Amino acid sequence: MFKKILNNFQKGNTAKDTNDNKFADIKIDASRLPRHTAIIMDGNGRWAESHGLIRTAGHTQGVRTLKEILKIAIDLPLPVLTVFAFSTENWKRPHAEVDFLMHLFSDYLAEEINEIDEKNVKLHFLGRIDELSPALRNQARDAEKQTMNNTGLIFNVAMNYGGQDEITRAVQKIAAKIESGEIKSTEIDSSYIENNLDTAGLPPVDLLIRTSGDFRISNFLLWQAAYAEFWFTDVNWPEFTPEVFMKAISDYGKRDRRFGGLTDKK
């Protein structure tokens, strides 16, 4: 169903042309897709509590949502999708919840990696992956190796990640190169810094989506999102449907991006 709908979008038609009321009035300009889309998947716990469930049920439902959104990202197709799965600050949560999340991540990789590979998706992890448990760390690295030659969507999962921490690590790497005499401080420019971030070689974030009603980016991709278009919704992540995602993509295509300059619009 998604492929048929997206084909209509790429021809410039509205969702009404598909006779699927769920996608009514959504129109996507295939020539103005974001190169790099980032999502803060917030509200799993709030969704669970609002339904009388324990918080971990929200995380489980959130994984189901991610699977559906990944399908849309592949079909559009989007070049890069980055999701915020676990921050460096999330370790402060109750031990039982953190332990559940780690097992959930492991189960997701075990169940989905072959399909991800078959769909030509290149999986990459951002953050301090080496600080995860040996089993999960090895599982993540094996998944990266399995998909490293794929040429479709680049799917980044930010895991044990913080934007300030990422920049700090980049500065430390650059400082070590200066100390060793490998480079001079005068050689450092914005491109050099970008090449020492976890997202080296990827385009900057064009569209940053946050669910669950909060208006902040919570230490996520601070450097990369310098000129990102923000899109906020009150919808909790477990209820973030393909329709809502495509509405965000559609809205992005209508934005007037000036990057500090002016456009020719009168």
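Computed from a predicted model, the values in this text were never measured in an experiment.
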Side-chain heavy atoms nearer than 4.5 Å, only ILVMFWY residues, links allowed to pass through others: does that put Leu126 and Ile193 together?
yes

To the nearest 0.5 Å, tell me how far Met148 CE sits from Asp117 CG.
12.0 Å

Do you know which two heavy atoms are closest between Ala158 and Phe220, and how far apart they sit?
CB-CE1, 4.0 Å

Are side-chain heavy atoms of Leu104 and Val63 found at a separation under 4.5 Å?
yes

How long is the gap from CD1 on Ile40 to CG on Leu221, to the nearest 0.5 Å?
8.0 Å

Check the side chains of Trp47 and Glu239 for a donor-acceptor pair under 3.5 angstrom, ignoring hydrogens and angles.
yes

Applying the 4.5 Å side-chain criterion to the ILVMFWY set and letting contacts propagate, would Val80 and Phe84 be lumped into a single cluster?
no

Please tell me if the side chains of Leu136 and Gln139 come closer than 4.5 Å, counting only heavy atoms from C-beta onward.
yes

Take Lys92 and Glu89, measure what salt bridge (Lys or Arg N to Asp or Glu O under 4.0 Å) needs, and give me the verdict at the end.
CA-CA 6 Å; Lys92 301 174 185 177; Glu89 290 74 36; 5.9 Å; no

Single-linkage hydrophobic cluster, 4.5 Å side-chain cutoff, Ile154 and Ile116 together
no

Do Leu153 and Leu123 belong together in a cluster built from hydrophobic side chains that touch within less than 4.5 Å?
yes

Between Asn114 and Gln146, a side-chain donor and acceptor under 3.5 Å
yes

Is any side-chain heavy atom of Leu66 closer than 4.5 Å to a side-chain heavy atom of Val83?
yes

Using atom types as modelled and distance alone, determine if a side-chain donor or acceptor of Lys27 lies under 3.5 Å from a backbone N or O of Ser250.
no

Are Arg255 and Asp251 close enough for a salt bridge, meaning some N to O gap below 4.0 Å?
no

Consider side chain to side chain contact (heavy atoms under 4.5 Å, CB included). Of Ile69, Leu208, Leu207, Thr82, which one does Ile39 pass it with?
Ile69

All pairs passing side-chain hydrogen bond (donor to acceptor under 3.5 Å, both in side chains) where residues 119-135 contributes a residue, at least two apart
Asn120-Thr151, His124-Glu144, Arg128-Glu131, Arg128-Asp165, Glu131-Asn160

Can you confirm whether Phe105 sits close enough to Phe86 that some side-chain heavy atom of one is under 4.5 Å from a side-chain heavy atom of the other?
yes

Distance check, rounded to the nearest 0.5 Å: Lys177 atom NZ versus Ile188 atom CD1?
9.5 Å

Transitive ILVMFWY side-chain link Phe215 to Val244, under 4.5 Å
no

SB check Lys184 Glu187 (cutoff 4.0 Å):
no

Please report the shortest heavy-atom distance between Ala143 and Ile113, naming the atom on each side.
CB-CD1, 3.6 Å

Rounded to the nearest 0.5 Å, what separates atom CZ in Phe240 from atom CE in Met41?
11.0 Å

Is a side-chain N or O of Trp237 found less than 3.5 angstrom from the main chain of Gly62, in a donor-acceptor match?
yes

Minimum heavy-atom separation for Ser212 and Asp42, please, with both atom names.
CB-O, 3.3 Å

Carefully, step by step, assess Phe245 and Ile209 under the rule side-chain contact (heavy atoms from CB on, under 4.5 Å).
CA-CA 9 Å; Phe245 183 50; Ile209 298 168; 3.9 Å; yes

How many angstroms lie between atom CD1 of Ile249 and atom OG1 of Thr37, to the nearest 0.5 angstrom?
4.5 Å

Ignoring hydrogens, what is the shortest heavy-atom contact between Ser87 and Asn90? Give both atom names and the distance.
N-OD1, 2.8 Å

Member of Arg32, Arg35, Glu229 meeting the side chain to side chain contact (heavy atoms under 4.5 Å, CB included) criterion with Asp206
Arg35

Indicate the atoms forming the closest heavy-atom contact of Thr211 with Val235, along with that distance.
CB-O, 3.1 Å

Does the side chain of Glu97 reach to within under 4.5 Å of the side chain of Met102, using non-hydrogen atoms?
no

Is there a donor in the side chain of Asn236 and an acceptor in the side chain of Asn44, or the other way round, less than 3.5 Å apart?
no

Between Tyr161 and Glu166, a side-chain donor and acceptor under 3.5 Å:
yes

Is the number of heavy atoms from other residues, nucleotides or ligands within 6.0 Å of NE2 (His103) greater than 12?
no

Taking all non-hydrogen atoms of both residues into account, name the closest pair between Pro238 and Gly58 and its distance.
CG-O, 3.8 Å

Under a 4.0 Å N-O cut-off, is there an ion pair linking Asp214 with Arg46?
yes

Spacing of OG1 belonging to Thr199 relative to CD belonging to Gln224, to within rounding of 0.5 Å
3.5 Å

Any heavy-atom pair between the side chains of Tyr108 and Val157 that's under 4.5 Å?
no

Taking the inter-plane angle between the rings of Phe100 and His59 on a 0 to 90° scale, is it parallel (under 30°), tilted (30 to 60°) or perpendicular (over 60°)?
tilted

Non-hydrogen side-chain atoms of Trp223 and Pro204 separated by less than 4.5 Å:
no

Any donor-acceptor pair under 3.5 Å linking the side-chain atoms of Arg169 with those of Gln172?
no

For Gly152, does its backbone N or O pair with a side-chain atom of Asn150 as donor and acceptor, under 3.5 Å?
no

Close side-chain approach of Ile72 to Met246, heavy-atom, < 4.5 Å:
yes

Would you indicate whether Glu49, at its atom CD, is surrounded by more than 12 heavy atoms from other residues, nucleotides or ligands within a distance under 6.0 Å?
yes

Would you say Thr233 and Arg210 are linked by a side-chain donor-acceptor pair, where the criterion is simply a distance under 3.5 Å?
no

